[in-house]
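Okay, structure first, notes after.
Here the structure is a predicted model, which is why all the values come from computation and not from measurement. Every number for a ligand or one of its atoms is a count from 1 in the order of the listing. Values reported hereafter were calculated over all heavy atoms of this structure, with side chains retained and with hydrogens, waters and symmetry mates removed.
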Amino acid sequence: MPEYNLPKAYDFGSTEQRIYSWWEKSGYFKPSNDPNQPGFQPDQKPFVISIPPPNVTGELHLGHAMFVSMEDLMIRYHRMKGIPTLWVPGTDHAGIATQLQIEKALAREGLTREQVGRDEFMRRTWAWKAKFGGIITQQIRRLGASCDWERERFTLDEGLSRAVREAFIRLYEKGLIYRGPRLINWSPGLKTAVSDLEVEYSEEPGTLYYFKYLLANREGEYLPVATTRPETILGDTAVAVHPDDPRYQKYIGQQVIVPILGRHIPVIADEYVDREFGGGALKVTPGHDPNDYAIAQRHGLPVISILDEAARVNENGGPYQGQDRFEARRNLWEDVRLAGLTIKEEPYTLNVPRTQRGGEIVEPMISTQWFVRIGSLAEAALLAVKDGRVRIVPERFTKVYYNWLENIEDWCISRQLWWGHRIPVWYCEDCGQMTVARQDPTQCTHCGSLKIQQDPDVLDTWFSSGLWPFSTLGWPDETPDFEYFYPTTMMETGYDILFFWVARMVMSGLEFTGEVPFDTVYLHGLIRDENGRKMSKTYGNVIDPLSVMDELGTDALRFTLLVGSTPGNDMNLSIKRVEANRNFANKIWNAGRFVINALQQAPAKPEAAPDWTLADSWIWARLQTLVRDVERLFQSFQYGEAGRQIYDFCWGEFADWYVEIAKLQLAEGGDRTFYTARTLVWVLDMSLRLLHPFTPFISEELWGHLKRAAEAYSHNLAPTGGWSDALIIASWPEPRLLEGWEDEKVAQFNLVQDVVRAIRNVRAKKNVKQGHRIPALLVSESYSGILEGQKLALSQLAQLDPLHMTIQTSLPTKPEGYIALVVGPVEVYLPLADMVDTSEEYARLERELSEVQSQIQRLEALLDSAFAEKAPAPVVQKEREKLDAYRETAGKLDAQLAALR
Ligand SMILES: [Zn+2]
């Protein structure tokens, strides 16, 4: 029999890609029950996830790593349970993000998109997509994602574009889409409307400007008004006061004069006014402020737009026409000052809205846009969660979902971009009517004129991603995929896009397919740095998942993300944790090497029925408990806790305890060796199955070795049901019924563990050298029999001298020079008084203590100095942590010295 040897260390670098290609080539990512294949069983319920499509411009970040790891875990678990699984991958065309990339490239050539024209711009964008669009999906593969790549989709591909047009036309025909002027977020740099999602708020220093709104008919009287944007005075159409404000009641209904422009506008009463802010009177600029816009709607005020699409003052701005908004701000304020209308200026912290992509300040503006009338769609989406057709995990986000949908406003779906789904509306030059059509028309449907022009705008990216769960399966056609895999099962995503995306998918799903698009929404949290701060380029604390995978392996990263997360809560990620999980992978590998080596020492088959040892029974019972607990935790979405328990079992129980005892059992020979090897093989096999959804690469690689070694050596070592072709499609461990013996065996073994731990503690405290075996006397009236049976194990694990180890039921007199330990029903006597040279030990501890104390003094001085104020907070924090650690060490050394005195 040739010896089967495993490489000494696990080399993830050479393993991951090889394993991934093999899985993909073998078709393991495809559903086991496929409506397009012979033998299809329509009654088997599948488990389906649509991937949240990353932007086609994307570079892998930790957010991607998180959702890919989590969804892959869910998919692998269900696949191993024998459920047909489908994970549909794809990418989003990401209107603004992609268009900006192309515009930047044009700018490097000194060109603008207007200069090259729409057709050339689109040609360049598609060329860019062809070249770089696959990067993000390659990176997702590196994470181990077991998606069905043959079903990969792109939001701008032909099928999805047809779905988008169908959805638009259906809404239009139902009267749910309209065009009109509304206040929207305008990006003057990008010259497009942007969604709330694309706006980021940052706190910045600014100024609050106080000035006088003179009453038209009361000489010398005025309302004091404060604003952070004086240029908006040009668009004021009222001044509002609180109806209960005694100071200003007499002015309600009167007219005031707009500074510089001299227009007369009314003073109105509205409860929105904050009496504490500024002078207690509010200028109302409905054309450039969402709250003012709402006030104008309530009071029927006119709306004046004062800026053009580049945020320059337009013809409504009198003398400031043509000036940039910030230039107009300075000039107007100077003129107000010269007119004697200013009161004061004070510093003020602004919450400035900036576009996520371009970075410039967003201007609320009135603009003619396309909207979806959202009322009936939102009501249906609310009901779907209220009546339980869609479940949100964790449940607390249900309230957030309700609150958002109950206050939702009509959805602005047009964007002034070129990259996206063009709005399928054509305007007629002759009759002025609109033609809205599924197929591009050649003439006006109203008058037959050939002079028609398509709307230049495109649809909001979220319009197409809202259709994602069903458009990717072939809708609007009733394809076999759509029939079988829709509605999907699970929508897993970050809680930050619950509204932008999840709610829209529920609305669209109900509207277009009559069904909810998924039964469950699982929301994961955001990933912060180890100190709980948001990762950002500004702080320099961004962790790049690709370099982490390069250095520590994909499994270590995945395990860290999965085990560190709980539904809906943010997690802090530190590289130290990833390193610890890389060590875990090595620990598993070493355990695997041991098992593969062990199975070759065993006879090919046993002579008799098994006679299990206490350790055999214990590890088996613990494994069964683990399988039950993991199942329960998976059912309640507590994947992190399940991972922690698997980790503790593999490392803390299997590798640290059972493997150590197995070494003794293997040496006994015969059936003991055979059954020990079989226990090792079976427990490792089950552990790797449980680990597989978390750490797919090392588990598959090691399991493959285990299988091949066991098959080469003896068929009697195969697990029940035999070995499958690959771990990825092996069966998930099913919980077994308890047989009744488990609790007793576990309790007995726990006692052995407690005794060993107690002896190890004393040895460490007394500084007994590793490997130095010491005599021991164990006394227990009721457990001496069990201890006697575990004598070898005890001596091995606690490093006792088996020739001088006595187990008794009672002890008439306490032996001289022995230390006594009480471990539950067992007393342990160790002759440690004679074993330790205390004077030498005392000197060693004192040397250590003095070194630690000098470090403490150094750090205390450092943290007392200017360093603590000037150095970056994380650096200071690190030094503080060092100081704390030294202080703790000093405390321990003190205690040890005291014990020796
Ligand atoms: Zn016409």
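- At a threshold of 4.0 Å, the pair Arg170-Glu173 does not count as salt-bridged, since none of the basic side-chain nitrogens sits closer than that to a carboxylate oxygen.
- Under the rule for a ring-ring contact (aromatic ring centres under 6.0 Å, His included), the partners of Phe132 that lie at least two apart in sequence or sit in another chain are Trp128.
- With sequence neighbours left out, the salt bridge (charged side-chain N to carboxylate O under 4.0 Å, His left out) criterion links Asp440 to Arg165.
- A salt bridge between Arg162 and Glu166 is absent, with no side-chain N of the basic residue lying under 4.0 Å from a carboxylate O of the acidic one.
- Checked against ring-ring contact (aromatic ring centres under 6.0 Å, His included), Tyr495 has the following partners two or more places apart in sequence or in another chain: Phe397.
- Salt bridge status for Arg298 with Glu271: absent, with no side-chain N to carboxylate O gap under 4.0 Å.
- Counting only distances under 2.8 Å, and ignoring water, the protein N, O or S atoms around the Zn ion (ligand 1) are Cys428 SG, Cys431 SG, Cys444 SG, Cys447 SG.
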